[in-house]
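A short worksheet on the structure shown next.
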Amino acid sequence: MRVVLLIDYLSPTGGGERLAMQIALRLDPERFQRTLCVSRWDDAGLAATGVPEAITQLEEAGVELMRLERDSPLDLLAWRPLWKRMRAGEVDVVHAHKFGSNVWAAALARTAGVPVVITHEHNWSYDGQSYRRFLDRELIARRSDAFMAVSNENLRRMIEDEGIDPAKLMFVANGVPHLNGTAVSGESLRAELGIAPTDPVIGTVAVLRKEKAVHLLVQAAAELVPAFPDLKVLVAGGGPEREGLEALARELGVADSFRWLGMRSDVPRVIEAFDVAVLSSIWEGSPLSVMEFMQAGKPVVATRVGGVPELIDDGVTGLLVEPGDASGFADAIARLLRDPELRAEAGRRARERQQNEFDLDLMVGRLETVYERLYEQKRDRKPRARRRAPVTAATQDPFVLEELGDPAAARADWQGLAERATSVFATWEWADAWWRVFGSGRTPLVTLARRPGEDDPFAILPLYRSWERPAQIVRLIGHGPGDELGPVCAPGDRPAAMAAMARALGSGRRWDLFLAERLLADRDWRASLGAQRIERETMPALRFEGDFEAFLASRSRNFREQVRRRERKLAKAHRLGFRLADDPARLQDDLSTLFRLHAERWAGAGQHAFSGPREEFHRDFAPRALERGWLRLWFLEVDDVPVAAWYGFRYAGSDSFYQAGRDPAWDRWSVGFVLMAHTVRDALDSGIHEYRLLVGDEDYKGRFANATEHVDTLARTATLRGRALLRAADAARTLPTVVRRPVGRLARN
């Protein structure tokens with residue numbers, strides 16, 4: 001396959017340009033004929049740092065270097081060598097990098113008939129630049145087979161701020177190359193710069209432009225020097241801001257602390273000299289410098305911008321601060337400088353994460369798969385169909401997907417993964433009970449997701465499809481009764497699982513609308529799924545290390561008195577008892593009592609948690625939960641008569657409150673509150689430190705909760721019918737039920 005990687009400049013020190021060159025070097029030469037096309041070639045730049053070495057690298061690797069001497073944005077004649085090659089059918093894939101090259105690739109390569117055109121945005125900061133947003137949407141995205149972003153945050157902004165069709169977008173994480181086992185040491189550089197081995201050293205690698213905001217580092221250094229008088233700050237990189245930054249350092253009295261190193265060809269050696277690596281940018285895509293810091297095992301202090309939070313796990317692999325906050329930046333650096341153990345642990349975890357997720361060879365492997373997949377799609381389609389068919393959102397990894405269909409076929413793998421998922425709603429038992437009750441007339445699409453070369457799946461995608469007039473809708477098994485849905489996987493695998501789900505949705509299945517209901521919003525999944533958020537719901541929780549008495553001591557005096565007084569008052573006037581349902585033979589009767597008390601509590605309020613088929617579902621699931629030790633069905637009994645019920649689950653070290661009911665005749669005794677307090681006492685005194693109150697922000701939950709999570713419902717459309725259905729959702733809220741039914745929860749009251 002003949003691949004042309006298109007860039008404006010040959011710049012081994014720039015982010016996007018350097019990455020394009022590294023991709024060309026690492027593409028499999030047995031499968032790909034590689035050309036790196038530099039459109040703005042200038043012989044005067046041959047002596048720039050790293051350029052001669054780069055040319056030698058390309059030659060030795062067998063990569064053709066095509067030089068176009070374009071000297072202005074409208075220099076069309078300079079494109080003739082590449083145009084002739086494309087028109088002659090000698091190029092199979094054009095992969096352009098950064099805005100300027102993206103524009104020309106979209107305009108020329110598509111017109112020339114190149115089968116696959118990929119454009120790649122390495123950053124996103126188009127605030128106020130309407131023409132760039134317009135060209136991204138109307139030219140680059142429309143005329144590309146895939147438009148790549150380097151972070152989920154960039155992807156989100158391309159969808160929401162630019163209005164780009166999610167089906168054209170693709171997220172492939174950046175990566176940095178292995179050091180090939182070469183040992184590098186920062187000690188010699190320290191000695192070279194006159195820095196003592198015991199001096200604390202912080203540093204950055206950046207082109208000194210405004211968006212890198214290195215002035216923030218200078219201001220932070222001024223706050224740090226009084227506490228760390230021997231502090232040294234290394235800045236590797238040149239650029240137009242250097243003179244002003246040096247002047248600011250002199251003005252703040254910290255000039256002696258700084259070492260301005262300029263452009264360097266030995267960046268790994270520079271980074272090894274750091275104790276703490278820093279990034280102070282006001283906007284970023286997915287910075288390679290941070291990945292290099294991580295690869296070197298350095299803890300990172302960085303601003304919370306762009307895709308940086310997707311690289312740095314705050315408090316684990318480094319610390320994040322808000323952009324522009326010099327004092328916060330200084331405090332975070334000081335925290336790491338004062339704690340060698342924290343530095344070492346954060347650095348170790350950073351290196352481990354970089355190797356597992358942000359390695360260049362992994363990235364190139366993903367791109368190779370993308371090139372081949374898109375080329376095969378184009379070759380297999382008839383010309384008219386080729387123009388019509390959208391390229392579905394590609395994925396972070398070239399996952400192996402195996403569609404099994406019925407949940408029962410995935411039972412063994414599902415049960416193992418559910419233990420890591422930490423949610424009772426992710427269990428096979430929940431899905432199987434749901435499918436038994438609600439699955440009739442629906443097509444199961446349960447899919448295993450594996451990584452290449454691995455036998456065991458890392459995720460299960462619990463999908464199904466149904467015809468709900470007037471559209472084919474894909475949803476997640478478990479919705480309705482389920483308070484938290486999504487792929488079945490370990491929390492750390494959730495980003496990869498979401499990417500696998502995006503690929504599964506784009507694997508040729510026919511559907512109009514995808515509803516992903518109640519996804520745990522620990523990240524923003526809209527970009528991953530190419531979807532839009534239509535609802536966000538609150539899930540309060542109590543997280544507390546200690547027993548019930550310690551918990552009460554942490555609350556207000558009024559709350560403590562209410563908890564104790566209400567139970568004491570009830571026990572004084574009546575024979576009070578708390579009973580946990582634990583007898584399988586009695587369970588169905590206990591469930592009937594729960595359903596009755598729930599119906600009495602919500603009479604006339606339109607609450608349907610246990611109505612119709614949902615009652616059948618819980619009668620199926622509860623016995624399984626009891627058998628496995630998950631069920632927590634509590635009753636408050638007064639004079640041996642149950643007057644309140646609490647239904648929930650104990651799973652993966654958490655208690656979850658699902659539903660409750662009570663006899664309104666006993667409301668003046670606050671029996672619901674007394675029972676709730678008892679279940680919290682039971683959880684904390686049993687060593688359970690998380691008590692989840694699940695979906696709903698009712699006031700009584702807030703009295704116990706001290707933390708809040710959210711779940712999001714997302715929607716993605718694949719056809720005009722699906723888009724029309726989604727647009728009609730808001731209007732449908734005011735229409736009769738028979739009209740609202742097709743959009744389900746989208747249009748509920």
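Scope of the values below: all heavy atoms of this structure, side chains included, with no hydrogens, waters or symmetry mates.
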* Is there a side-chain contact (heavy atoms from CB on, under 4.5 Å) between Met363 and Asp359 once you walk through the steps? -> CA-CA 6 Å; Met363 178 191 183; Asp359 178 80; over 6 Å; no
* **side-chain contact (heavy atoms from CB on, under 4.5 Å) assessment of Gln355 paired with Gln295** => CA-CA 7 Å; Gln355 291 172 346; Gln295 182 184 66; 5.9 Å; no
* Asked: Under the side-chain contact (heavy atoms from CB on, under 4.5 Å) criterion, do Trp41 and Tyr9 qualify, and how do the steps go?
  -> CA-CA 7 Å; Trp41 185 265; Tyr9 301 95; over 6 Å; no
* To do: Test side-chain contact (heavy atoms from CB on, under 4.5 Å) on Glu272 and Leu189 and set out the steps.
  => CA-CA 9 Å; Glu272 280 297 328; Leu189 180 66; over 6 Å; no
* Could you give me the CA-CA distance, side-chain angles and deciding distance for Glu357 and Arg353, then say whether salt bridge (Lys or Arg N to Asp or Glu O under 4.0 Å) is met? => CA-CA 6 Å; Glu357 299 182 42; Arg353 185 165 190 216; 3.1 Å; yes
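Without hydrogens or angle criteria, Lys168 side chain to Ala141 main chain gives a donor-acceptor distance under 3.5 Å. A donor-acceptor contact shorter than 3.5 Å links the side chain of Asn102 to the backbone of His120. Lys232 places no side-chain N or O within 3.5 Å of a backbone atom of Arg259 that could act as its donor or acceptor partner. Listed for the Arg723 side chain is no donor-acceptor partner under 3.5 Å among the backbone atoms of Thr717. A donor-acceptor contact shorter than 3.5 Å links the side chain of Glu310 to the backbone of Glu153.
In terms of the salt bridge (charged side-chain N to carboxylate O under 4.0 Å, His left out) criterion, residue partners of Glu322 (sequence neighbours excluded) are, by chain and number, Arg304. Listed by chain and number, the residues in a side chain to side chain donor-acceptor pair (under 3.5 Å) with Asp266 are Arg264, Arg269 (sequence neighbours excluded). With sequence neighbours excluded, the residues satisfying salt bridge (charged side-chain N to carboxylate O under 4.0 Å, His left out) with Arg209 are Glu211. Every residue two or more places apart in sequence or in another chain was checked for a salt bridge (charged side-chain N to carboxylate O under 4.0 Å, His left out) with Arg137, and none qualifies. By the side chain to side chain donor-acceptor pair (under 3.5 Å) test, Gln219 is found to be paired with no residue, residues two or more places apart in sequence or in another chain being considered. Here Phe458 pairs with Phe399 under the ring-ring contact (aromatic ring centres under 6.0 Å, His included) rule; sequence neighbours left out. Take Arg242 and apply the side chain to side chain donor-acceptor pair (under 3.5 Å) test, not counting sequence neighbours, and it matches Glu246. Looking at residues two or more places apart in sequence or on another chain, you find a side chain to side chain contact (heavy atoms under 4.5 Å, CB included) between Arg349 and Val316, Thr317, Glu345. For the side chain to side chain donor-acceptor pair (under 3.5 Å) test, no residue two or more places apart in sequence or in another chain qualifies with Arg34.
The side-chain hydrogen bond (donor to acceptor under 3.5 Å, both in side chains) pairs that include a residue from residues 278-290 are Ser125-Trp283, Lys212-Glu284, Ser281-Glu284, where partners are two or more places apart or lie in different chains. Among pairs with a residue in residues 55-64, those fulfilling side-chain hydrogen bond (donor to acceptor under 3.5 Å, both in side chains) read Thr35-Glu64, Glu64-Arg85, at least two apart in sequence or across chains. The ring-ring contact (aromatic ring centres under 6.0 Å, His included) analysis of residues 56-88, with sequence neighbours excluded, yields the pairs Trp79-Trp104.
In this structure, CE in Met1 is found 10.5 Å from CG in Leu27, a value given to the nearest 0.5 Å. If you take CG on Leu108 and CG on Leu6, they are separated by 9.0 Å, rounding to the nearest 0.5 Å. In this structure, CZ in Arg18 is found 12.0 Å from CD1 in Ile23, a value given to the nearest 0.5 Å.
Heavy-atom minimum distance, Ala105 versus Val94: CB-CG1, 4.1 Å. Residues Leu217 and Ile202 approach most closely at CD1-CD1, 3.8 Å, considering heavy atoms. Residues Gly89 and Arg2 approach most closely at O-NH2, 3.0 Å, considering heavy atoms. The shortest non-hydrogen separation linking Ile282 to Val305 is O-CG1, 3.5 Å. The shortest heavy-atom contact between Ala106 and Ile140 is CB-CA, 3.8 Å. Taking every heavy atom of both residues into account, Arg716 and Ala531 meet most closely at CB-CB, 3.9 Å.
The cationic atom of Arg132 (NZ for Lys, CZ for Arg) lies less than 6.0 Å from the six-membered ring centre of Phe99 and within 45° of the ring axis.
A donor atom on one side chain and an acceptor atom on the other are not found under 3.5 Å apart for Arg67 and Ser39.
Applying side-chain contact (heavy atoms from CB on, under 4.5 Å) to Met148 and the options His122, Met170, Glu121 leaves one that passes, Met170. Applying side-chain hydrogen bond (donor to acceptor under 3.5 Å, both in side chains) to Glu17 and the options Gln22, Lys98, His97 leaves one that passes, Lys98. Checked options Asn174, Ile312, Val278; the residue passing with Val290 is Ile312 (criterion: side-chain contact (heavy atoms from CB on, under 4.5 Å)).
Between His95 and Tyr371, the distance from one ring center to the other falls under 6.0 angstrom.
Heavy-atom contacts from other residues, nucleotides or ligands closer than 6.0 Å to CD of Glu243 number 12 or fewer.
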